[in-house]
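To find a chain, count down the sequence lines: A is the first, B the second, and so on, and within it residues start at 1. Computation of the quantities below employed the complete heavy-atom set of this structure, encompassing side-chain atoms and omitting hydrogens, waters and symmetry-equivalent molecules.
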Amino acid sequence: MDAHRPRTGFSIKTDSYEGPFELLLDLIEERKLLVNDLALTAITEEFIQHVRSQEAFPMEEAANFIQVAATLLLIKSKSLIPDLELTDEEDADVEDLKRRLLAYEKVREASRELARIYGKRVMVSAGERPAEPMFAPSRDLSAPALAEALARLLAAREEVEKLPEAKVKPMVTIEEMMDRLASRVQSAMTLTFKEFAGGTKEKVEVIVSFLALLELVKQGAVAAEQYEPHGDIRISHTDTSAVPKYG
Amino acid sequence: MLTPPAALHALLFAAGEPLSKQEIAKLLDIKPAEVKTALKALTASLEGSGVALIETEHAVELRTAPEAAPLVKKLRESELARDLGKASLETLAVIAYRTGSSRSEIDWVRGVNSSASIRTLLLRGLIEGSEDPNDKRRIRYSLTTEAFGHLGIKSAEDLPRADELMAMTQAAAEQEAVADSE
Amino acid sequence: MLTPPAALHALLFAAGEPLSKQEIAKLLDIKPAEVKTALKALTASLEGSGVALIETEHAVELRTAPEAAPLVKKLRESELARDLGKASLETLAVIAYRTGSSRSEIDWVRGVNSSASIRTLLLRGLIEGSEDPNDKRRIRYSLTTEAFGHLGIKSAEDLPRADELMAMTQAAAEQEAVADSE
């Protein structure tokens, strides 16, 4: 995993994360930061690298991670482009993530406290005295009652087992988005973010597109320009000899 | 740190059966004379507490105090008289439709810990346990003949929807073996 | 005649398992407020005795005192607690510090699906679920006396940093309720 992030020097055991909050907090704590916008902006890239490196995520977990990645991107893009207007819903997502992260921080502290004491000083119940069994059936015991109890139990089991499947829906990966963006930039040389993200209806997809864009900007593969506060973002190839600058 | 009488108290409570004075000396790592002193102190401190120390020549045991006998009788009667309730009914159903289920299999099928229910069912004479011949630590449960009698049936095959529910319970329990070996 | 705390002591000792406060009131034929007083008196009188009372919101059980753990281990090796994984510990922590948490509340604060952890904790008998009286489809979870026993604490107030961490998780749950109703 270290090969993926030569610049940071952090080594994170990527496969041991069950959820996104755990990874987020680890990244923040390693930098000795507090949970706030600044910290979230600082760890966005590495968080996303982690998500990208996970090819074999179970779908439901992937959705959790990508959702958080999308919100991190909102926070980061707001910090990069102060004029960027977030919708009410996006604002709510940002606030929700921060609240949940603060709450999770406490839960993690609590779980560490419990880990410290769990099983260390076990209090045991009274020793079992073999009591003489006495045949004592009850009013609610009958053959139909047994059949009904078991049928209900088995039906409830089945429902629980079916649940995860229903939740799974196909999700674009960040890699797919990166590829799409790169090839479109190369062929069209200049296109706007709206054009690029147009046609995708899922909010997550739009945001993943944006993330991919920011990555390319950072890598110097494309240039992104925004000429007015609420204007569209123009994306162009950075090879200036091949592409005339607009403006 | 616990005082010797307190340590003795904890030991007897956890044992649930008589412990020999020799064993006590060994477990507490004290001399027989000290065991005697500790027993005396514990007897005194339990005075009027509802629980008492029963001492024979070689062994000691914790028991409810004689004054509590009517209360204990009331508890036993209430334990035996109340409805089985959802948890125990489910547990009994799993055992009825899959004779020889073990505790971990019942837990797995039900998705919750079933020890308390198994205890209740044993106490009420509705199920009985026997050692698994292949694994002595594993107890396998089955309905008692009295339970079949109360249900008005001769064997498990006479239970309602027997084939269907037996197959389903079997399938659910088999998943436990898979999960266990993972 | 036994005093109420002594009668309670005898009852809990004879039961050998958790008794609900409701059952205790019925068996001792006293009011809930009197049960509370008797519990308090019994807890106090058991102080330093090697045996202690574990009290959850609804149930009570007699257990060996935490200080007796090394001694009891010699007697009942099998009771050694199996370690809990990180996910299960987190889930247990949410429920411990905010009793009555529902699955969606636990998911909200952990950012992941917690059903597997909840199942593990149910199977180990560390938590129990009960229907929300206001919404029958919602199950609310709480710690069992078994969980307190494994943590070596007598009640939720004895949880590490109880006041601070309970306040925080409470605030989190309220946020979740707001988010949920939107």
B:His9 and C:His9 aromatic ring geometry - parallel, tilted or perpendicular at 30°/60° bounds: perpendicular

State, to 0.1 Å, how close C:Lys74 and B:Leu27 come at their nearest heavy-atom pair, and which atoms those are. NZ-O, 2.9 Å

Measuring heavy-atom distances to chain C, does B:Arg63 have an atom under 4.5 Å in its side chain, in its backbone, in both, or in neither? backbone

More than 12 heavy atoms of other residues, nucleotides or ligands under 6.0 Å from CD of B:Glu34: yes or no? yes

Please check this pair: side chain of B:Arg110 against backbone of C:Leu123, looking for a donor-acceptor N/O pair closer than 3.5 Å. no

Chain C: which of B:Asp29, B:Asp107, B:Thr3, B:Leu71 shares the most heavy-atom pairs with it under 4.5 Å? B:Leu71

Tell me if the CD atom of B:Glu47 is crowded by more than 12 foreign heavy atoms within 6.0 Å. no

Near B:Asp135 CG, under 6.0 Å, is it more than 12 heavy atoms from other residues, nucleotides or ligands? yes

Looking only at B:Leu19, B:Leu62, B:Leu28, most heavy-atom pairs under 4.5 Å shared with chain C are made by B:Leu62

Are B:Asn113 and C:Leu126 close enough that some pair of their side-chain heavy atoms sits under 4.5 Å apart? no

Is atom CD of B:Glu164 surrounded by more than 12 heavy atoms (other residues, nucleotides or ligands) closer than 6.0 Å? yes

Top residue by heavy-atom pair count (under 4.5 Å) with chain C, among B:Arg76, B:Glu23, B:Glu79? B:Arg76

Spacing of CG belonging to B:Leu75 relative to CD1 belonging to C:Ile24, to within rounding of 0.5 Å: 10.0 Å

Ranking B:Ala68, B:Ala14, B:Ser78 by heavy-atom pairs under 4.5 Å to chain C gives rank one to B:Ala14

